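These numbers were taken from a predicted model, which means no experiment stands behind them.
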Amino acid sequence: MNSIEEKPIKQASYLDALLPITVLICLLGAAVYLFGDSSSSGPNQIALLFATFTAALIGLKNGYTWKKLEQAMIEGITLSLGAILILLMVGALIGTWLLSGTVPTLIYYGLQIINPSWFYAASCLICGIVAMSIGSSWTTAATIGVALLGVATGLGLEQVVTAGAVISGAYFGDKLSPLSETTNLAPAVAGANLFDHIQHMLWTTVPSFVIALIIFIFMGFNATASSEAGRIDEIVLILEQNFNIGIEMLVPLIVLLVLAIRKMPAFPAISIGAVLGAVWAMLFQTELITSQIDLSQGELVGYFKLVWTTFFDGFTIITGDEKMDSLLSGGGMSGMLTTTWLIMTALMFGAIMEKTGLLDMFVKSILKVAKSTGSLITATIATCIGTNVIAADQYIAIVVPGRMFKEEYKKRGLQPVNLSRTLEDGGTITSPLIPWNTCGAYMQSVLLINPFDYALYAFFNLINPLLAIVYAYLGVKVLRIKPKQAINE
């Protein structure tokens, strides 16, 4: 066994690096072709597993032992456990907030307040403000985002455009929030100060967001919104008939936002929000619960059983209106299991690719052609996007390129904030646009829209990396290390 452990590791070739990627791309393409929108419900996971096995076989060929490869996969999955815990609890939260009337109340007031002409822009701006306040694009999408999709249904507006607006706003706010994990991770990897990093990001982030808002405003004014007063009245009536609607129903949301702003970790904060939703349901939705429970075991047992079921299997309602039934039903931890499976297989693949040095092969080849500052920053963004596609996780897409390019930026006299900003412009922003990425999988499970569909309308996420590249080639806000800084470093 020791002789096997000590076998020299052979350096991977370009063919080695390309083979797993080719297998993955071919199988993912086949999955989309054969299974369409349901490709993330199993086919993509199988594609990722076969690509993982391909990378593992190459690793074995190059001298890695199965024990080392298996350990890398386990460590890769371990990276996702925090996200999986949050994901499962978000499922519970959506279920209890539907039952409690929190989400229906948001939809109810949204239909009466938001005008169809500026709905897309308002959705983007609202999500941006909330995400900046709490530092979480995930929580913003699961709460405000879900409600805004409901409002879009009522106004007869496009769901995919609304999802794009939600994603744009959520990632704008997340990116600039000092409470966000990625906003803290990027400067830590690059060796920059947090607030210098945020200040430097403003130059690419704010203009990108303004352009996105202008596009959403234009789309809103030109949208063929079926602002049928009759249909909106129908939806409002359905909500009033089935739920107790009132400002007090928003207390679970307010509590969650306050906990997030006070920097409580996401998992306990969302757990409290889910439990509070269940309590609110029992206090304010007694008629709804009574109409749903099985009284054969007694009313109290029926109450308890329904609320318990909502945590793990979500909430289902039959109103007589098929679209409203779909809108007002969902959630539950079980609904997140497919996404959990996708995240685990994606991170297994990413971990094997990094462990066997196959990712590093791409970066080495990139640096050979990245001669200018503009091409270096462009290469960094491309690497972040590629890592998001290959390793399927935004944290890996920040850490791995950050480690690989840090010394190169320093050699070329570029301040660390250039790298930290670029890691976010390429890594954080593009993660929700890839269906098998942890962020893309999460957004699909919450918004119930395939990332391939909403990606075309996530204008902020599309514009930001492009604007960063333009800035790089024009030399706009590309900061150089001053002589004193160079001596200190």
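Distance alone, capped at 3.5 Å, places no donor-acceptor pair between the Gln394 side chain and the Thr438 backbone. Remark: the backbone N or O of Leu479 is not paired with any side-chain donor or acceptor of His200 at under 3.5 angstrom. Without hydrogens or angle criteria, Trp97 side chain to Gly273 main chain gives a donor-acceptor distance under 3.5 Å. Remark: the backbone N or O of Gly173 is not paired with any side-chain donor or acceptor of Ser177 at under 3.5 angstrom. The backbone N or O of Met282 lies less than 3.5 Å from no partner atom in the side chain of Thr286, so there is not a single donor-acceptor pair. Remark: the backbone N or O of Leu288 is paired with a side-chain donor or acceptor of Ser291 at under 3.5 angstrom. Listed for the Trp436 side chain is a donor-acceptor partner under 3.5 Å among the backbone atoms of Val389. Using a distance-only test at 3.5 Å, with no hydrogens or angles considered, a donor-acceptor pair links the side chain of Asn437 to the main chain of Asn388. The closest donor-acceptor contact from the side chain of Ser271 to the backbone of Met89 lies at 3.5 Å or more, if one exists at all. Remark: the backbone N or O of Thr428 is paired with a side-chain donor or acceptor of Ser431 at under 3.5 angstrom.
Inspection of the Asn464 and Lys175 side chains reveals an N or O donor paired with an N or O acceptor under 3.5 Å. For the residue pair Gln159/Thr153, the side-chain donor-acceptor check at 3.5 Å is satisfied. Remark: the Asn242 side chain and the Thr319 side chain contain no N/O donor-acceptor pair separated by less than 3.5 Å.
Within a 6.0 Å sphere centred on CD of Glu287, heavy atoms belonging to other residues, nucleotides or ligands number 12 at most. Sparse packing is recorded around CD of Gln199, with 12 or fewer heavy atoms of other residues, nucleotides or ligands lying under 6.0 Å away.
Each of Val417, Thr378, Ile377, Ile469 was checked for a side chain to side chain contact (heavy atoms under 4.5 Å, CB included) with Thr422, and the lone residue meeting it is Ile377.
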Q: Take Ile449 and Leu149, measure what side-chain contact (heavy atoms from CB on, under 4.5 Å) needs, and give me the verdict at the end.
A: CA-CA 10 Å; Ile449 296 175; Leu149 283 171; 4.1 Å; yes
Q: Please test Leu447 against Tyr442 for side-chain contact (heavy atoms from CB on, under 4.5 Å), starting from the C-alpha separation and ending with a verdict.
A: CA-CA 9 Å; Leu447 303 178; Tyr442 173 85; over 6 Å; no
Q.
The test is side-chain contact (heavy atoms from CB on, under 4.5 Å); show your working for Thr52 and Thr345 and say whether it passes.
A. CA-CA 8 Å; Thr52 301; Thr345 53; over 6 Å; no
Q: Please report the C-alpha distance between Glu158 and Tyr120 in whole Å, then the side-chain angles of each, then the deciding distance to 0.1 Å, and finally whether the side chain to side chain donor-acceptor pair (under 3.5 Å) criterion is met.
A: CA-CA 9 Å; Glu158 292 289 336; Tyr120 297 138; over 6 Å; no
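Considering only heavy atoms from C-beta on, Leu423 stays 4.5 Å or farther from Ile381 through its side chain. Under the 4.5 Å side-chain criterion, counting only non-hydrogen atoms from C-beta, Pro465 is in contact with Thr430. Met249 is not listed as a side-chain neighbour of Tyr108, based on a closest heavy-atom distance of 4.5 Å or more. Proximity of Ser329 to Leu98: side-chain heavy atoms (C-beta onward) are nowhere separated by under 4.5 Å. Residues Cys127 and Phe172 have side chains not in contact (no heavy-atom distance under 4.5 Å, counting atoms from C-beta outward). A 4.5 Å side-chain heavy-atom check between Ile94 and Val103 finds every atom pair outside the cut-off. You'll find the side chain of Gln292 reaches within 4.5 Å of the side chain of Phe315, heavy atoms only. Trp280 is listed as a side-chain neighbour of Leu283, based on a closest heavy-atom distance under 4.5 Å.
Checked against ring-ring contact (aromatic ring centres under 6.0 Å, His included), Phe304 has the following partners two or more places apart in sequence or in another chain: Trp308. Here Phe119 pairs with nothing under the ring-ring contact (aromatic ring centres under 6.0 Å, His included) rule; sequence neighbours left out.
Minimum heavy-atom separation, Phe311 to Val275: CZ-CA, 4.1 Å. Listed here is the closest heavy atom pair of Ala152 and Thr162: CB-OG1, 3.3 Å. The nearest pair of heavy atoms linking Ile107 to Ala147 is CG1-O, 3.6 Å.
The ring of Tyr471 has its center no closer than 6.0 angstrom to the ring center of Trp203. Ring centroids of Phe216 and Phe459 are separated by less than 6.0 Å, placing the two rings close together.
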